[in-house]
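Whatever order the structure lists ligands and atoms in, that order sets their numbers, starting from 1.
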Amino acid sequence: MAPDSVLPSYSPAVSSQDPYLTAEHLLFRDQVRRFVDTEVKPYAANWEEAGHVPRHVLTRMGELGFLGVRYPEEYGGSGMDTLATAILAEELGRSTFGGFAITVLVHTDMASPHLANAGSPEQQARWLPDLIAGRKISAVAVTEPDAGSDVAGMRSTARRDGDEWVLNGTKMYITNGVLGDVVFVAAKTDLAAKGSRGISIFAVERGTPGFSVGRALDKQGWLSSDTAELVFQDCRVPAANMLGEENRGFYAIMRNFQNERVVLGAQAMGEAQAAIALTLDWVRQRKAFGATLWDKQAIRQKLAMLSAKVEAARRLVYHAAWMDAQGQDCVREVSMVKALCGELVNEVMYACQQFHGGMGYLRESAIERMVRDARIQSIGGGATEVMLEEVAKRM
Ligand SMILES: Cc1cc2nc3c(=O)[nH]c(=O)nc-3n(C[C@H](O)[C@H](O)[C@H](O)COP(=O)(O)OP(=O)(O)OC[C@H]3O[C@@H](n4cnc5c(N)ncnc54)[C@H](O)[C@@H]3O)c2cc1C
């Protein structure tokens, strides 16, 4: 076996050999990776302390073109495809700061797609340039205290009154909820319709009377991501703020879930790769029983198997992203991605923390934060069980 010093460093990205990625994708990946290395990693521990990502970081990402990867160039976007968003998510995941990654990805790939996919030209012209530039940050409010996995069970309502809609209800666990400027809110507009049929989506701006932050929510991980309970109490929004067709919001949510879940899978696999890389560094220098931990077959085989699983899962992420980019129905593959990656990132974090020994339990070690950050990934954006039902239905 080669001595440690000449072992190649762990480098899962096959780069130019990758059948899914073009030269443009690879260039984009390099740009994001450089940004993460120089402008995120050195500072993000402070953002964890502060409980949010500073706005200047998001506007900087806007300047670099990272917030409008798939959006039309006329609004400042780059007009790239689903693979590019998977790359963005994977690279942000590799930062090792899940709270930072999700702050950005909710804005780029979970909230603003509601506007990009269903918004009228007037609505897009009104908000997209600011969202792409990072001058405004977006959130999406679907989940409620009594309706999460079961989206159709939501209770928030919107009643038409002349040229306005009057929103009432409470939304729970909303990422970017405290600091976001525009929230895409789902509410029932037809109370008589069967659950999924009577939902519509509204753009609600911060400062609209009747819209308030109930409370900021304290969490196990993702500490640099702001998460809130949002309250709508006789909140009047202009009729022009409804996105897409009245009562068709459920289908818009389901459509956007596909992009969201590819991105969540990619983020998870970015985190998993980073965890394996930093654990490799650790086990190669840490000694026990007269040799490094890497010399223990049990440890290196476990890391080898995890790296095989991560490589397989990220291939599925890229395949699902490619299918989406081709306009193919990929609900089955995307559901597999979400279920697999959400579980696998936790399996990886558990083993990597184990191999760090006591150091992995200390707040000062990256792996400790990564373990906490990963836990939500089998729950949020489609819990594993819910995703497996989607796969099972298609078997
Ligand atoms: C930090 C954080 C950020 C979030 N950000 C947002 C956001 O920005 N916008 C937003 O709208 N929502 C957001 N969410 C909500 C998130 O998507 C939901 O928490 C998630 O969908 C699960 O819903 P729930 O919490 O109501 O759990 P429930 O639906 O009550 O489910 C609880 C558990 O039951 C199991 N389960 C559920 N359904 C089934 C089933 N059919 N079969 C078997 N088991 C099942 C799963 O294990 C699940 O975890 C966020 C949540 C968190 C914690």
- request: Given ring pair (Phe, Tyr, Trp, His ring centres under 6.0 Å), test Y318 with Y20 step by step and report yes or no.
  value: CA-CA 7 Å; Y318 278 91; Y20 294 113; 7.0 Å; no
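- Between F202 and W165, the ring center distance clears the sub-6.0 Å criterion.
- Between the side chain of R55 and the backbone N or O of L179 there is at least one donor-acceptor pair closer than 3.5 Å.
- F355 has its ring centre no less than 6.0 Å from the ring centre of W282.
- Here T175 has heavy atoms under 4.0 Å from ligand 1 in both its backbone and its side chain.
- Between G381 and ligand 1 there is a heavy-atom distance shorter than 4.0 Å.
- Protein heavy atom in closest approach to atom 45 (C) of ligand 1: E385 CB, 3.8 Å.
- Ranking protein heavy atoms by distance to atom 53 (C) of ligand 1, first place goes to I376 CD1, 3.2 Å.
- The hydrophobic clustering, which links ILVMFWY residues whose side-chain heavy atoms are closer than 4.5 Å, places W222 and L230 apart.
- Below 4.0 Å from some heavy atom of K219 lie the following atoms of ligand 1, by number and element: 1 (C).
- Of the protein's heavy atoms, at least one falls inside 4.0 Å of atom 6 (C) of ligand 1.
- For ligand 1, one of its N or O atoms has an N or O atom of Y173 under 3.5 Å away.
- Remark: ligand 1 and I174 share no N or O pair separated by less than 3.5 Å (distance only, no angle test).
- For atom 31 (O) of ligand 1, a protein heavy-atom neighbour is present inside the 4.0 Å cut-off.
- Atom CE of M305 has 12 or fewer neighbouring heavy atoms from other residues, nucleotides or ligands inside a 6.0 Å radius.
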- request: Dump the intermediate steps for ring pair (Phe, Tyr, Trp, His ring centres under 6.0 Å) on W47 and F100, then the final yes or no.
  value: CA-CA 8 Å; W47 311 341; F100 157 72; 5.6 Å; yes
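- When only non-hydrogen protein atoms are considered, atom 20 (C) of ligand 1 lies nearest to I379 O, 3.6 Å.
- Protein heavy atoms are absent from the 4.0 Å sphere centred on atom 34 (O) of ligand 1.
- Nearest protein heavy-atom contact of atom 40 (C) of ligand 1 is V386 CG2, 4.2 Å.
- A side-chain donor-acceptor contact under 3.5 Å links W127 and E205.
- Between R261 and M387, the closest side-chain pair of non-hydrogen atoms falls below 4.5 Å.
- Nearest protein heavy-atom neighbour of atom 24 (P) of ligand 1: G148 CA, 3.9 Å.
- Here the protein heavy atom with the shortest distance to atom 15 (C) of ligand 1 is T143 OG1, 3.2 Å.
- Nearest protein neighbour of atom 49 (O) of ligand 1, counting heavy atoms only, is A383 CB, 3.7 Å.
- Checked against a 3.5 angstrom limit, the closest N/O atoms of V140 and ligand 1 fall inside it.
- No heavy atom of E389 sits closer than 4.0 Å to any atom of ligand 1.
- Nearest protein heavy-atom contact of atom 37 (C) of ligand 1 is S149 OG, 3.6 Å.
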